[in-house]
2 protein chains.
Amino acid sequence: MSNAIDRGKIEALKSMLLSLHKGESIEELKRKFKDVLETISPVEIPLVEQELVREGVSISEILRLCDLHVELIRDTLRSSLLMDVPKGHPVSLISRENEHIAKLAEALNVYAGALSKASSGEAESHLKAISNILAELRKSRLHYRKIQMLIFPYLERRGITAIPRVLWGREDQVIVKLRELSTLVEKELTHPKEYPNIAEKAMEVSREISDLIFREERILLPAVWILLSEGEWVAIHEAAKDIGYLIPIDVEWASRAKLLLPYEVNGVVTREQVESLPQEFKFAALATLAPDTYEVRSEEDLEFETGFLSKDEVEAIFRHLPIEVTYADVNDRVTFFSQSIFRKGFARTKTIIGRRLGYCHPPRLEHFVKSNVDDLKAGKS
Amino acid sequence: MSNAIDRGKIEALKSMLLSLHKGESIEELKRKFKDVLETISPVEIPLVEQELVREGVSISEILRLCDLHVELIRDTLRSSLLMDVPKGHPVSLISRENEHIAKLAEALNVYAGALSKASSGEAESHLKAISNILAELRKSRLHYRKIQMLIFPYLERRGITAIPRVLWGREDQVIVKLRELSTLVEKELTHPKEYPNIAEKAMEVSREISDLIFREERILLPAVWILLSEGEWVAIHEAAKDIGYLIPIDVEWASRAKLLLPYEVNGVVTREQVESLPQEFKFAALATLAPDTYEVRSEEDLEFETGFLSKDEVEAIFRHLPIEVTYADVNDRVTFFSQSIFRKGFARTKTIIGRRLGYCHPPRLEHFVKSNVDDLKAGKS
C-alpha cells in the first residue's frame with residue numbers, strides 16, 4: 001500500500017467531517033459526496049485517517065468517519081452474491097458482526113495513529129482508549145468461533161479443507177495478537193515505556209482484522225451461501241444462538257427445512273455451484289477430489305443427543321475420567337459405579353450394585369445423605 | 001467391669017513375663033500356665049496390664065503380654081463355629097486382621113495407662129508411642145471397609161439390616177475417635193497440656209475396639225460363615241483383595257464356585273441356617289419378614305462391567321458431571337461430546353460430530369494435539 005493519498009480525497013473527507021459535525025446524515029453525505037466517495041476505496045480510509053491525525057484533526061472528529069467507512073464496506077466491499085441473504089439469517093448476522101468489528105478495528109487504528117505521535121502527557125488517555133477498544137475487540141472470539149465450529153465443518157464435509165485451515169490460522173493469529181497487545185497496554189499504563197511500539201502493533205492488528213473482514217465478506221460468506229443448503233443453515237442458526245452474537249439479533253430467521261448436521265450431508269459440490277463460487281473457492285472446489293463420506297455411526301453404536309458411542313466406548317470414557325461416579329436409580333438403589341484409572345480415593349466394589357443408597361454410608365451421615373438426595377429429587381441444589 | 005483382679009492372676013502373669021523374658025515360646029507358656037490361664041478371661045488382660053503398670057513393671061515387658069492375649073483370643077474368644085474356615089478364606093483373613101488390631105489396641109491401652117500416671121518428663125515418650133500406634137490403628141478403616149462394603153450387602157439382601165447398621169455405627173465411632181485422638185496427640189506433642197485426658201480417651205477407644213473384635217469374632221463372622229454361600233465368598237474374596245488387608249495373605253484361597261454378587265443372591269434364610277446362628281443373629285433372622293428381591297437390571301438397561309444403566313441414564317450422568325468430554329474414535333473422528341449443566345467453558349456444538357480431531361483446533365495447536373493423540377495411542381501419558 002502506498003501512503004501517498006490524493007490531496008483531493010483528504011480535503012473531501014475533511015469537508016465531509018464538517019458536514020457530519022453539522023448533523024447531516026450518512027445518507028445525505030453519501031449523496032452529496034457521491035463522486036469523490038467513488039474514488040476512495042475502503043482500504044484507503046485508514047490511510048486518510050492517519051493523514052488527518054497528522055494534520056491535527058481531533059480524534060473524536062475522525063472517529064465519526066468510522067460510520068462512513070462501514071457504509072462504504074456495505075456498499076462496495078460486500079459481495080453482490082450476498083444480496084438475497086434474508087435478515088436474521090446466520091450469514092446476515094455474521095456480516096453485521098463484521099461491521100461492528102470493522103468500526104472497532106478502525107477506532108483502534110485512529111487511536112494508534114494518535115498514540116504514535118503523542119507526547120508522553122497525551123499518551124495515557126490514548127492508551128486507555130486503546131485498552132477499552134481491545135477489550136471489545138477480544139470478544140470477536142465469538143465471531144470466529146461460529147465460523148470455525150459451525151461453518152468450517154460443512155466445508156470440510158465437502159472436502160474443502162485448506163481454506164478453513166488458512167483462515168483459522170489468521171483468525172487465531174489476530175486473537176493471539178489482541179491478547180498480547182492487551183497485556184502490553186496494561187503494563188504500559190502502569191509503567192509507560194514504549195508506546196510507539198504499541199502504536200505500531202495496534203495498527204498492525206487493526207490491518208489484519210480488516211483483512212479478515214475482507215476475506216469473509218468477499219470470499220467465505222459468498223461461497224458458503226452458495227454451497228450450503230437450507231437445512232445446514234438451520235443447524236448453524238441453532239448452534240450460533242448458543243454461542244451468541246456480538247450484535248443484537250434484529251430479525252428472528254426461521255426455516256422449515258430439516259436440520260442437517262455435517263455428518264448427514266452428502267458433500268458433493270455441483271458443477272453449477274462451482275461456477276458461481278468466488279474465484280478463490282472455485283480452485284479449492286475444483287481441486288477437491290472427494291467429499292468426506294465418513295460414517296460416524298457404527299452399527300452397534302448407541303445414539304445420544306450429542307453423538308454416537310458404543311457401550312465399550314461409554315465404559316472406556318468413564319474409565320478415563322478424572323472423577324468417579326456412583327449412580328443410584330429412582331428407587332435409591334445403586335445400579336452403577338465407575339472406576340477411573342486415575343483413582344486416588346477408595347476402591348468401589350461390585351458388591352454395592354443393587355444396594356440401598358441409604359446403607360452405603362455410616363449411620364452418622366445418613367441424615368446428610370438423605371437430605372441431599374431429597375434436595376436433588378426436589379430439583380434443588 | 002470390676003477393677004478388682006485376683007492377686008494370683010497378677011502374680012501368674014508376672015512369672016509368665018519372666019519366662020517370656022527368658023525366651024520361652026508362647027506354646028510352652030500356655031502348657032506351663034494352662035491352669036491359671038484358663039481362669040483369666042481375655043477381657044481381664046487389659047486390667048491386669050494396668051495393674052502391672054501401676055506396680056512399676058516396664059512397658060516393654062508388659063507389651064510382651066499382647067502376644068499372649070492374642071493367643072487367648074484365638075483359643076477362647078473365637079467362635080467354635082469358625083473351626084472349619086479354610087486358611088486364606090476372607091473370614092480367616094478378617095479374623096487375622098482382628099488379631100493384628102487387638103495387639104495394637106492393647107498396646108494403646110498399656111501406653112495410655114502409663115501416660116495417665118506419667119510425670120511431665122515421661123509423658124512425651126509415651127505420647128510419641130501412642131501417636132505411632134494410632135497411625136497404625138487408623139489403618140483399620142480397611143478392615144471395617146471390607147465388612148461394610150463387602151459383607152453387609154449380603155446380609156441386607158437377606159433382609160438383615162439392623163445389625164449391619166448398628167455395627168457400622170460403632171465402627172464409624174471408633175474411626176472418628178481415633179482421628180480426633182490423633183489430632184489431640186499431635187497438638188499435645190507440641191503444646192503439652194492435658195495428657196491425662198488423652199490417656200483416658202485412649203483407654204476408651206481401646207476398649208471400644210476390643211468390643212468390636214468381640215462382636216465380629218463371636219457374632220458377625222460365625223453368622224456370615226453360616227449364611228453365605230461359596231459363590232458369595234468368591235465375590236468377597238476378589239473385592240477384598242482390591243481393598244487390601246492389614247496383614248499379609250498367608251494362603252491363596254481359591255474356589256471353583258461361580259462368583260455371586262448380592263443382587264444375584266436369593267436372600268432366603270433357611271430354617272437350618274437360623275438354628276445354627278449365634279443368638280443375636282437368630283433373632284434378627286427370625287424377625288426378617290422378607291429378603292430383598294429388588295431387580296437391579298431393568299429391561300432396557302445396558303450391562304456394564306460395573307453395573308446397569310439405560311441410555312437415558314448414561315446421558316443424564318454426563319449432563320451432571322462437573323467436566324465435559326469430547327470423544328474421538330479410533331479414526332480420530334469426533335463422535336460424541338457431553339454437555340454439563342455446570343459448564344463454565346465454551347459451548348460445544350453438534351456440528352463437530354464426525355469432524356476430524358485435527359481440524360478442531362487452530363493450526364497453531366495442531367502439532368500439540370497430534371503429539372498428544374499419538375502418545376495416547378502409544379499408551380503413553
Side-chain angles (χ1 to χ4, degrees), chain A residues 145 148-150 152-154 156-157 161 164-165 168-169 171-172 176 235-236 239 242-243 261-263 294 296-297 301-302 304-309 311 313-315 317 321-323 325 327 329 331 333-339 346-356 359 362-364, chain B residues 145 148-150 152-154 156-157 161 164-165 168-169 171-172 176 235-236 239 242-243 261-263 294 296-297 301-302 304-309 311 313-315 317 321-323 325 327 329 331 333-339 346-356 359 362-364:
Chain A
R145 179 167 294 281
Q148 295 153 358
M149 289 299 175
L150 309 186
F152 287 170
Y154 288 101
E156 289 159 21
R157 187 70 181 172
T161 56
R165 295 312 284 157
W168 196 336
E171 291 158 359
D172 180 52
V176 169
I236 291 171
D242 282 347
I243 293 179
L261 288 170
Y263 67 86
Y294 190 76
V296 68
R297 177 175 193 167
D301 273 358
L302 303 162
F304 293 101
E305 182 62 26
T306 51
F308 306 93
L309 292 174
K311 189 167 72 77
E313 287 174 318
V314 171
E315 218 149 27
I317 289 175
L321 287 181
I323 54 172
V325 170
Y327 177 79
D329 68 10
N331 299 313
R333 296 289 192 140
V334 174
T335 66
F336 174 84
F337 63 93
S338 70
Q339 288 182 309
F346 58 89
R348 285 170 174 82
T349 58
K350 291 186 201 173
T351 48
I352 62 165
I353 298 170
R355 197 173 197 184
R356 286 185 181 86
Y359 290 166
R364 177 172 52 94
Chain B
R145 178 166 294 280
Q148 295 154 358
M149 289 299 174
L150 309 186
F152 287 170
Y154 288 101
E156 289 159 21
R157 188 69 181 173
T161 55
R165 294 312 285 156
W168 195 337
E171 291 159 358
D172 180 52
V176 169
I236 291 171
D242 282 347
I243 293 179
L261 289 170
Y263 67 87
Y294 190 75
V296 67
R297 177 176 192 167
D301 273 358
L302 304 162
F304 293 101
E305 182 63 25
T306 51
F308 306 93
L309 292 174
K311 189 167 71 77
E313 288 174 318
V314 171
E315 218 150 27
I317 289 175
L321 287 181
I323 53 172
V325 170
Y327 177 79
D329 68 9
N331 299 313
R333 296 291 191 139
V334 174
T335 66
F336 174 84
F337 63 93
S338 70
Q339 288 182 310
F346 58 89
R348 285 171 175 82
T349 58
K350 290 187 202 174
T351 48
I352 62 164
I353 298 170
R355 197 174 198 185
R356 286 186 180 85
Y359 290 166
R364 177 172 53 93

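Note that the structure is predicted; figures quoted are calculated from it, not measured. So you know, we letter chains A, B, ... as the sequences are listed, proteins then strands, and number each from 1.
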Relative to chain B, which of A/Leu302, A/Ile236, A/Asp242, A/Ile352 shows the most heavy atom pairs under 4.5 Å? A/Leu302
Please determine, among A/Thr335, A/Val296, A/Val325, the option with the most heavy-atom pairs under 4.5 Å with chain B. A/Thr335
Go through the steps to decide whether A/Arg355 and B/Arg157 satisfy the test side-chain contact (heavy atoms from CB on, under 4.5 Å), and finish with yes or no. CA-CA 8 Å; A/Arg355 197 173 197 184; B/Arg157 188 69 181 173; over 6 Å; no
Given A/Gln148, A/Arg165, A/Arg348, A/Arg145, the one with more heavy-atom pairs under 4.5 angstrom with chain B than any other is A/Arg165
With a 4.5 Å cut-off on side-chain heavy atoms, are B/Phe308 and A/Phe336 touching? no
Under 4.5 Å, counting heavy-atom pairs only, tell me which of A/Phe337, A/Trp168, A/Tyr154, A/Phe152 racks up the most with chain B. A/Trp168
Side chain of B/Thr161, backbone of B/Glu156: donor and acceptor closer than 3.5 Å? no
Side chain, backbone, both or neither: which part of B/Val334 has a heavy atom under 4.5 Å from chain A? backbone
Just how far is it from atom CG of A/Leu309 to atom OG of B/Ser338, taken to the nearest 0.5 Å? 9.5 Å
Most heavy-atom pairs under 4.5 angstrom with chain B, which of A/Ile243, A/Asp301, A/Val314? A/Val314
When rounded to the nearest 0.5 angstrom, what distance separates CD in B/Glu315 from CD in B/Gln339? 10.0 Å
Highest number of heavy-atom pairs under 4.5 Å with chain B: which of A/Arg333, A/Lys311, A/Glu305, A/Arg364? A/Arg333
Cut-off 4.5 Å, heavy atoms of chain B, and the answer for A/Leu150 is both
So which of B/Gly307, B/Pro164, B/Ala239, B/Ala235 has the largest heavy-atom pair count under 4.5 angstrom toward chain A? B/Gly307
Which region of A/Tyr327, side chain (C-beta onward) or backbone (N, CA, C, O), has a non-hydrogen atom less than 4.5 Å from a non-hydrogen atom of chain B, or is it both or neither? side chain
Could you tell me the separation between the CE atom of B/Met149 and the OG1 atom of A/Thr351, rounded to the nearest 0.5 Å? 8.0 Å
Given side chains that start at C-beta, do those of B/Ile323 and A/Pro322 come closer than 4.5 Å, heavy atoms only? yes
Against chain B, label A/Leu261 side chain, backbone, both or neither, depending on which of its atoms sit under 4.5 Å from a heavy atom there. side chain
